[in-house]
Every structure is written in structure tokens, then in C-alpha cells.
Chemist: 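Quick one: structure below, then a few questions.
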Amino acid sequence: MSNWVYIENIAAFEGQEVTIKGWLYNRTDKGKLQFLLVRDGTGIIQCVASQKDLPPDVFAAAQSVTQESSLIVTGQVRADKRAPGGYELLLTGLQIVQLTQDYPITPKEHGIEFLMKHRHLWIRSARQHAILRIRAEVVKAIRDWLNSHGFVNVDTPILTPSSCEDTTTLFETDYFGEPAYLTQSGQLYNEATIGAFGRVYCFGPTFRAEKSKTRRHLTEFWMVEPEMAYVDLEGCMEIEEQFVSYIVQTVLANRAKELQTLERDTSKLEKVVPPFPRITYDEAVKLLQEKGFDFKWGDDFGAPHETAIGEHFDRPVFVHHYPTAIKAFYMEEDPTRPEVCLSVDLLASEGYGEIIGGGQRTASYELLERRIKEHNLPRQAYEWYLDLRRYGSVPHSGFGLGVERTVAWICGISHIRETIAFPRMLERIYP
RNA sequence: UCCUCGGUAGCUCAACUGGCAGAGCAGCCGGCUGUUAACCGGCGGGUUGUAGGUUCGAGUCCUGCCCGAGGAGCCA
């Protein structure tokens with residue numbers, strides 16, 4: 001057998017005979033001339049089989065091979081403008097590894113219910129393959145940027161003790177006879193690990209048992225949560241815009257082919273460079289009112305509001321200084337104006353909504369203690385968290401970036417269910 | 001949890017005011033040496049989500065339930 005190569009490297013082998021191991025993506029049967037589209041996980045290449053040039057058994061195999069059969073092909077690499085991708089393989093050998101019968105997903109239209117039921121096969125399709133490749137690039141860019149900017153990866157637990165009085169949005173599990181819950185955020189633990197490492201991040205799955213039925217929600221999703229000691233709200237925003245810009249520009253540079261498969265308008269992504277616009281919650285409220293929304297100060301933004309604000313700018317926009325009352329108990333108050341807090345959300349451009357939530361955390365023991373009381377949280381569960389304000393408390397900030405929402409935005413797709421291989425949604429846990 | 005829409009062949013859909021269950025694609029057979037979701041000819045393919053009800057007659061109308069989609073709410 002000749003040299004086994006991957007399709008993504010095919011240009012380097014022009015004129016040579018190579019072997020490709022993969023699956024039949026699609027075919028065109030022209031009688032004595034067969035076009036086989038073969039994919040190997042790295043790309044798709046057209047193989048041409050001509051009856052007059054081939055031994056009868058090889059040509060018969062080319063004629064009989066079915067969609068998604070696994071196969072090993074050998075042939076000479078040739079540049080040809082008529083071939084998708086610019087290169088094709090002049091077939092000389094074809095071994096069918098397994099002949100597939102009745103592959104359910106045809107190259108025609110399908111409904112979302114059918115496709116989700118066949119998710120384990122759907123991920124082979126070009127669009128889904130491109131999205132998941134981009135996701136992998138996003139994940140790599142996240143780790144590369146943080147690792148090269150002084151952040152230490154310290155992962156936080158997935159199984160957590162009961163810490164809130166309201167457990168309706170938590171998935172409960174049995175922990176040796178005691179209830180335990182799947183994590184909703186690693187942030188509180190991150191606030192502990194910055195005391196040891198200065199700058200940290202955790203990166204893993206997060207679980208929400210909310211009965212959300214929207215294009216922006218999954219019950220299991222991935223979140224990266226950086227946390228930084230001695231960084232204030234302004235410093236947090238500077239880190240966020242550098243971080244997000246790096247992710248977007250890395251995908252543009254390394255996954256251009258996949259973005260093209262998705263027909264993404266990349267000119268919009270090219271604009272995603274620092275600085276991002278910054279507006280206060282007050283200004284956002286005014287903007288919404290000017291746009292005709294019936295919105296009053298103190299309300300939280302719903303999906304249409306986030307979309308409207310995001311569409312107003314040509315790059316992601318920071319909204320900061322939200323009302324203290326609508327944010328989490330650990331947000332630092334603005335010392336000059338306690339009714340607002342030092343929180344910041346990043347809303348993606350093109351109306352994709354919130355991709356980051358974060359801000360400066362409460363550093364003061366007294367304030368945190370008061371907040372725990374105001375929110376009716378069980379004090380003893382938070383003793384360790386209060387300890388962080390007893391022993392060397394510092395101003396600190398952090399944020400959480402949702403991987404699926406970020407991938408959906410970069411890919412320009414409308415529903416985040418396609419940005420993870422096996423989405424977990426309300427009423428959907430198969431396959 | 002609420003609102004709206006939907007469930008008919010393997011898939012995507014059609015079926016008028018209640019009157020014979022239909023097409024394209026996929027599959028199978030045949031044809032075609034440059035196809036790009038190829039094309040041309042032929043063949044097979046149905047418990048109309050489910051349980052009741054109204055009616056001479058229900059895919060179609062009514063009620064319950066199941067499932068899905070879109071949106072809202074929820075969303076340390």
C-alpha cells in the first residue's frame with residue numbers, strides 16, 4: 001500500500017500515489033465514470049474512477065460502494081479546477097472496509113427533530129463538522145491565551161454541597177446518602193484559588209436545571225471562568241476584550257475553510273479588535289428607550305433588549321454598573337453610588353446577546369456578611385467564603401465566558417444546540 | 001410554566017367546505033466518461049402520534065394525553 005495521508009495535507013502530494021482511509025460522503029454515478037466524495041475527518045476529496053482505466057473488480061467496488069461505507073482508497077493526486085477543493089484522486093485501488101446499508105441522513109433536507117435524533121451520525125455532515133472544528137479551535141485559543149498571560153488552570157469541583165436555599169435550578173444527585181448538586185459555576189472556588197495563585201481559571205461543564213426552552217440555553221454547557229487578584233472593573237474589561245479578540249482572530253486565521261463552509265460573513269468578525277465600546281447600565285436604558293422599548297430603570301434585560309443593544313454596535317459591547325438589586329450577592333458596590341454595582345456583561349455583536357458575565361467582587365468582610373444576610377443565604381455554608389475576606393482580602397475581579405454562545409456567534413448560527421457534539425436540553429438526553 | 005404552530009411513506013411535504021392516501025427525494029433495476037443536492041426511464045413503499053367522541057362517511061371536526069418546533073418567562 002502507498003503512503004497513508006490526510007486530506008487536509010493533500011496539496012503536498014500532487015503527482016504522487018497516496019492512500020486515504022475514511023468514509024464515502026457522497027457519490028455521483030455517471031455509468032462508466034464514477035465520482036466518489038471521500039472524507040477522512042480532516043476534509044473531503046473527490047475520487048474519480050474510470051472503467052476503462054481500472055481492473056473490473058476495482059471498478060465494480062467503486063460502483064457498489066454506498067453512502068457512509070468505510071473505505072480505503074488509493075490513487076494519484078491531481079490538481080483539477082472541476083474538483084471541489086481543487087484536488088482529486090485518480091483512483092487505482094478501493095477496499096471497502098464495511099458496506100453501509102440505508103444510511104438515514106441523505107444529502108437532502110431534514111427536519112431538526114430527525115437530525116437531533118441522529119446526532120451521532122449528523123456530526124459527520126459538513127456543516128456540523130465545521131462547527132465542531134471551530135469549537136475545538138475556540139477551546140484551544142481560550143487555553144492558549146490564558147496560559148500565556150499568567151493564568152493558572154485550577155479546576156473546581158463539579159459535585160458541590162447544598163449552598164443555596166433555592167435548589168430548583170440545580171441538578172440533585174445522591175452523595176452517599178446526602179444530597180449534592182452539579183455545579184452552576186466555579187467562581188466562588190476561583191476566589192479561593194486566586195489567594196494561592198493570583199490569576200486562575202477553571203474550565204469545564206456547568207449544569208442548570210432551568211426549564212429554559214430557547215436557542216440560547218442548554219442544561220449542560222461549558223464555561224471558562226478566569227479570576228484575577230488585584231484587578232478592578234476597568235482592568236477586568238481590558239482583559240476580557242483582549243481575550244475575546246484573540247479567540248475570534250485565531251479562529252479567523254486557522255479555521256477559514258470551516259467559516260467558508262458555514263458561509264459566515266467574516267468581515268463582521270474582522271472588526272472584533274480592542275477597544276470594545278463601554279456603556280453604563282444607565283446609558284443602555286436610555287438607548288433602549290430611544291429605540292422605543294418600554295423599559296424602566298431597575299429591570300433586567302430580556303433577550304430582545306440584549307439583541308437591540310448588541311446590534312447598535314459593530315463589535316461586542318460592555319454594559320457595566322448594573323443595579324445592585326438585579327445582580328448576584330457577591331458583586332462589589334460602587335462606593336459612590338451603592339444602588340449600582342461593579343458588574344459588567346459583554347454582549348456579542350450581531351444581536352447574539354450575552355456571552356460574558358462578570359465584574360469586581362466584594363472585598364469587604366462586613367459588606368459580604370450583610371449581603372449574605374440580605375439574600376437569606378445559609379451563613380455556615382459560606383464560612384469558608386467569608387474566610388477569604390478575613391485573611392488577606394484584595395480587590396479582585398473575574399468573569400465567565402459561555403463556550404457554546406461564543407461558538408454560535410463566531411459561526412453565525414442561530415441555535416447553540418449545534419455547537420456541542422451531544423447537546424443536553426429540556427426533555428432531550430438522547431443520544 | 002405560559003403562548004403559538006405542528007405530528008401523513010425511510011426523509012421533506014401535499015391532500016379544497018368532511019367524500020378513492022399523493023408527489024419529490026432516498027432505496028432497488030436499467031441508461032449515461034466531468035458530476036458538484038447530477039440527469040433520464042422503470043419498480044416497490046401507509047396502523048395519517050395516541051385514546052376516545054361526532055358523522056352514512058374523519059388525515060380533515062371535537063376532547064384528553066404523548067412528542068416536537070418557535071417565542072416568552074426562568075436564567076450566582
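Residue numbers begin at 1 in each chain, while the letters A, B, ... track the order of the sequences. Note: hydrogens, waters and symmetry copies are ignored here, and every other heavy atom, side chains too, is used.
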Chemist: Restricting to side-chain contact (heavy atoms from CB on, under 4.5 Å), what partner residues turn up for A/K291, sequence neighbours left out?
Modeler: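 Partners of A/K291 by the side-chain contact (heavy atoms from CB on, under 4.5 Å) criterion, ordered by chain and then number, come out as A/L287, A/F293, A/A308, A/H312.
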
Chemist: Could one point to a donor on the side chain of A/R417 or the base of B/G68 with an acceptor on the other under 3.5 Å away?
Modeler: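 Side chain to base: no pair below 3.5 Å.
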
Chemist: A/Y201 and A/F243: ring pair (Phe, Tyr, Trp, His ring centres under 6.0 Å), yes or no, with the steps?
Modeler: CA-CA 13 Å; A/Y201 69 95; A/F243 180 56; 8.6 Å; no

Chemist: Using the C1' atom in both, what is the distance from B/C43 to B/U33, to the nearest Å?
Modeler: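 27 Å, rounded to whole Å.
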
Chemist: Taking Watson-Crick (N1-N3 plus N6-O4 or O6-N4) and G-U wobble (N1-O2, O6-N3), each under 3.5 Å, can you produce the dot-bracket string of RNA chain B? Use [ ] for crossing pairs and | for inter-strand ones.
Modeler: (((((((..((((.....[..)))).(((((.......))))).....(((((..]....))))))))))))....

Chemist: Under the 3.5 angstrom rule, does the side chain of A/E225 hit a backbone N or O of A/G186 as a donor-acceptor pair?
Modeler: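 Confirmed, A/E225 side chain pairs with A/G186 backbone.
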
Chemist: Look at A/N26 and B/U35 and indicate whether a side-chain polar atom (N or O) is within less than 4.0 Å of OP1 or OP2.
Modeler: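 Answer no for this pair, as no side-chain N or O of A/N26 is under 4.0 Å from OP1 or OP2.
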
Chemist: Show every ring-ring contact (aromatic ring centres under 6.0 Å, His included) that has at least one partner inside residues 10-48 of chain A, sequence neighbours left out.
Modeler: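 Residue pairs with at least one partner in residues 10-48 of chain A: there are none.
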
Chemist: Base of B/C32, side chain of A/D29 - is there a donor-acceptor contact under 3.5 Å?
Modeler: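 It does, because a donor-acceptor pair links the side chain of A/D29 to the base of B/C32 below 3.5 Å.
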
Chemist: I'd like the C1' distance from B/G44 over to B/G27, given in whole Å.
Modeler: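 Each nucleotide's C1' atom is 9 Å from the other's.
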
Chemist: Between the protein and nucleotides 5-12 of chain B, are there any N/O to N/O pairs under 3.5 Å, and if so, what are the atom names and distances?
Modeler:
| from | atom 1 | to | atom 2 | distance (Å) |
| --- | --- | --- | --- | --- |
| B/C11 | O2' | A/E109 | O | 3.0 |
| B/C11 | O2' | A/H110 | ND1 | 2.6 |
| B/U12 | OP1 | A/G111 | N | 2.8 |

Chemist: side-chain contact (heavy atoms from CB on, under 4.5 Å) with A/P56: which residues, sequence neighbours excluded?
Modeler: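 Partners of A/P56 under the side-chain contact (heavy atoms from CB on, under 4.5 Å) test: none.
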
Chemist: Taking the P atom of each, how far is B/U17 from B/C61, in whole Å?
Modeler: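 Between the two P atoms, the distance is 10 Å.
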
Chemist: Applying side chain to side chain donor-acceptor pair (under 3.5 Å) as the test, list every pair that has at least one member in residues 111-122 of chain A; sequence neighbours left out.
Modeler: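 Every pair satisfying side chain to side chain donor-acceptor pair (under 3.5 Å) with a residue in residues 111-122 of chain A: A/R119-A/Q128.
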
Chemist: Heavy atoms only, 4.0 Å cut-off, all strands: where does A/E88 land among base, sugar-phosphate and nothing?
Modeler: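 Here A/E88 touches the bases of the nucleic acid.
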
Chemist: List, with names and distances, any nitrogen or oxygen atoms from the protein found under 3.5 Å away from nitrogen or oxygen atoms belonging to nucleotides 42-47 of chain B.
Modeler:
none

Chemist: Starting at the 5' end of RNA chain B, which residue's closest nucleotide do you reach first, A/F301 or A/R27?
Modeler: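 Upstream on the strand: A/R27.
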
Chemist: What interatomic distance, in whole Å, is found between P of B/G7 and the corresponding atom of B/A15?
Modeler: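 Those two atoms are separated by 10 Å.
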
Chemist: I'd like to know if A/Y382 reaches the base of B/A76 with its side chain such that a donor and an acceptor end up less than 3.5 angstrom apart.
Modeler: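 Looking at the base of B/A76, it does pair with a donor or acceptor on the side chain of A/Y382 (distance under 3.5 Å).
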
Chemist: Kindly give the atom pairs (protein nitrogen or oxygen, nucleotide nitrogen or oxygen) under 3.5 Å for nucleotides 1-3 of chain B.
Modeler:
| from | atom 1 | to | atom 2 | distance (Å) |
| --- | --- | --- | --- | --- |
| B/U1 | O4 | A/K211 | O | 3.1 |

Chemist: Only counting residues at least two apart or in another chain, list the ones meeting ring-ring contact (aromatic ring centres under 6.0 Å, His included) with A/F221.
Modeler: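 Partners of A/F221 by the ring-ring contact (aromatic ring centres under 6.0 Å, His included) criterion come out as none, since no residue qualifies.
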
Chemist: Under the rule for side-chain contact (heavy atoms from CB on, under 4.5 Å), what residues qualify as partners of A/T193, not counting sequence neighbours?
Modeler: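 side-chain contact (heavy atoms from CB on, under 4.5 Å) list for A/T193, sorted by chain: A/V154, A/N190, A/F197, A/V200.
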
Chemist: Excluding sequence neighbours, so at least two apart, what forms salt bridge (charged side-chain N to carboxylate O under 4.0 Å, His left out) with A/K81?
Modeler: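 Salt bridge (charged side-chain N to carboxylate O under 4.0 Å, His left out) check on A/K81 returns nothing, list empty.
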
Chemist: Tell me which of A/A83 and A/Q67 sits closer to the 5' end of RNA chain B, going by the nucleotide each one is nearest to.
Modeler: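 Whichever sits nearer the 5' end wins; that is A/Q67.
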
Chemist: Looking at the base of B/U35, is there any donor atom on it, or on the side chain of A/Q46, that sits under 3.5 Å from an acceptor on the other one?
Modeler: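 Yes, a donor-acceptor pair under 3.5 Å.
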
Chemist: Holding to side-chain contact (heavy atoms from CB on, under 4.5 Å), I want the full list of residues that pass it with A/Q98, two or more places apart in sequence or in another chain.
Modeler: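 Once residues adjacent in sequence are excluded, the partners of A/Q98 under the side-chain contact (heavy atoms from CB on, under 4.5 Å) criterion are A/S70, A/T100.
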
